[in-house]
Amino acid sequence: MTDSRATPTGPDQTTAHRRDDGELVGWIRPDGDHWAAIDLLGREVAASVDWLDAEAALEERGLGYLADVWMLERGGGAVRVRMVEVTPARILVKVDDFGDVSHATERIVLPWPIPAQLRAPRPGDPDGFTVGRPAVG
């Protein structure tokens, strides 16, 4: 495990946590007498745990969720999007190109941490086979 406690970042005393290969997977911050693990989207992965459990929670969460399809609520429906860039300053998504990287799609800048209108797919959402079908509420 990578012990990154020696390099706290930011005014809120968060500490970056990286995998053994150096890839950032999130941050660990004080939580009372314990620690909380925060993923790259700003979601709390674990709270009130010891340092090693916070590291383990971040490593278990990993980064795979960044490659998943997400749904962006807008205009009364949901649009399939994919993550392009995630930083503590913003989340950049693009309308899903269904694997055709030569096709330019709309890019949308969202605030960080993850806003409520960006969510995981639910039953009834548009899928990769029914483009444009409105979301079922």
Side-chain angles (χ1 to χ4, degrees):
M1 299 214 173
T2 303
D3 183 351
S4 52
R5 286 179 282 187
T7 56
T9 60
D12 61 355
Q13 298 303 309
T14 60
T15 301
H17 178 69
R18 299 178 182 279
R19 298 186 310 204
D20 288 337
D21 66 1
E23 189 69 36
L24 179 68
V25 293
W27 300 271
I28 299 173
R29 67 169 170 76
D31 185 15
D33 291 336
H34 296 91
W35 304 96
I38 311 299
D39 74 8
L40 294 181
L41 294 177
R43 301 175 296 181
E44 192 170 81
V45 177
S48 296
V49 296
D50 68 33
W51 183 268
L52 292 178
D53 288 339
E55 286 185 324
L58 287 172
E59 290 176 21
E60 184 177 320
R61 169 73 50 101
L63 297 173
Y65 61 90
L66 295 174
D68 291 342
V69 170
W70 290 80
M71 302 305 295
L72 179 63
E73 298 281 348
R74 67 178 194 176
V79 178
R80 288 171 55 96
V81 296
R82 300 231 180 223
M83 303 275 178
V84 174
E85 178 184 44
V86 176
T87 72
R90 70 180 190 166
I91 298 172
L92 178 63
V93 299
K94 68 177 182 174
V95 174
D96 193 8
D97 60 17
F98 300 97
D100 181 1
V101 295
S102 67
H103 179 71
T105 61
E106 179 185 6
R107 292 176 181 241
I108 303 134
V109 176
L110 301 169
W112 188 95
I114 187 170
Q117 71 262 30
L118 185 60
R119 60 171 176 78
R122 297 189 293 238
D125 282 337
D127 58 31
F129 304 103
T130 53
V131 178
R133 183 177 75 199
V136 176

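- Between R18 and E23, no side-chain nitrogen of the basic residue sits less than 4.0 Å from a carboxylate oxygen of the acidic one, so the salt-bridge criterion is not met.
- Counted within 6.0 Å of CG on D33, heavy atoms from surrounding residues, nucleotides or ligands total 12 or fewer; the atom is thus considered open.
- Of the possible donor and acceptor atoms, one in the side chain of R82 sits under 3.5 Å from a partner among the backbone N and O of A67.
- Considering only heavy atoms from C-beta on, R90 stays 4.5 Å or farther from L110 through its side chain.
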For V25 and D39: C-alpha separation, side-chain torsions, deciding distance, then whether side-chain contact (heavy atoms from CB on, under 4.5 Å) applies. CA-CA 6 Å; V25 293; D39 74 8; over 6 Å; no
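- Side chains of M83 and I91 form a contact here, defined as non-hydrogen atoms less than 4.5 Å apart.
- Annotation: side chain of V93 is not in contact with side chain of R107 (no heavy-atom distance under 4.5 Å).
- In terms of heavy-atom proximity, A37 sits nearest to A54 at CB-O, 3.6 Å.
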Is there a side-chain contact (heavy atoms from CB on, under 4.5 Å) between V79 and M71 once you walk through the steps? CA-CA 5 Å; V79 178; M71 302 305 295; 5.9 Å; no
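- No single ILVMFWY cluster, assembled from side-chain heavy atoms under 4.5 Å apart, contains both V109 and L72.
- Between E73 and R119 there is a salt bridge, since a side-chain N of the basic residue sits under 4.0 Å from a carboxylate O of the acidic one.
- Between the side chain of D125 and the backbone N or O of R122, at least one donor-acceptor pair lies under 3.5 Å.
- Looking only at side-chain heavy atoms (C-beta outward), W70 and L41 come within less than 4.5 Å of each other.
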Worked check of side-chain contact (heavy atoms from CB on, under 4.5 Å) between I38 and V45: CA-CA 6 Å; I38 311 299; V45 177; over 6 Å; no
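- The same ILVMFWY cluster, assembled from side-chain heavy atoms under 4.5 Å apart, contains both I114 and L66.
- Atom CD of E60 has 12 or fewer neighbouring heavy atoms from other residues, nucleotides or ligands inside a 6.0 Å radius.
- Expressed to the nearest 0.5 Å, how far CZ of R61 lies from CG of L58 amounts to 8.5 Å.
- The closest side-chain donor-acceptor pair between D31 and S48 falls under 3.5 angstrom.
- I28 places a side-chain heavy atom less than 4.5 Å from the side chain of H17.
- Side-chain N or O atoms of W112 include one that pairs as donor or acceptor with a backbone N or O of L40 at under 3.5 Å.
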Kindly indicate, with the supporting measurements, whether the criterion side-chain contact (heavy atoms from CB on, under 4.5 Å) is fulfilled by T105 and D96. CA-CA 7 Å; T105 61; D96 193 8; over 6 Å; no
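- In the hydrophobic cluster analysis, where Ile, Leu, Val, Met, Phe, Trp and Tyr join through side-chain heavy atoms closer than 4.5 angstrom, F98 is grouped apart from V69.
- The side-chain heavy atoms of K94 and I108, taken from C-beta on, include no pair separated by under 4.5 Å.
- Figure legend: cation-pi geometry between R43 and Y65, with NZ or CZ positioned under 6.0 Å from the six-membered ring centre and within 45° of its axis.
- Between R80 and E106, no side-chain nitrogen of the basic residue sits less than 4.0 Å from a carboxylate oxygen of the acidic one, so the salt-bridge criterion is not met.
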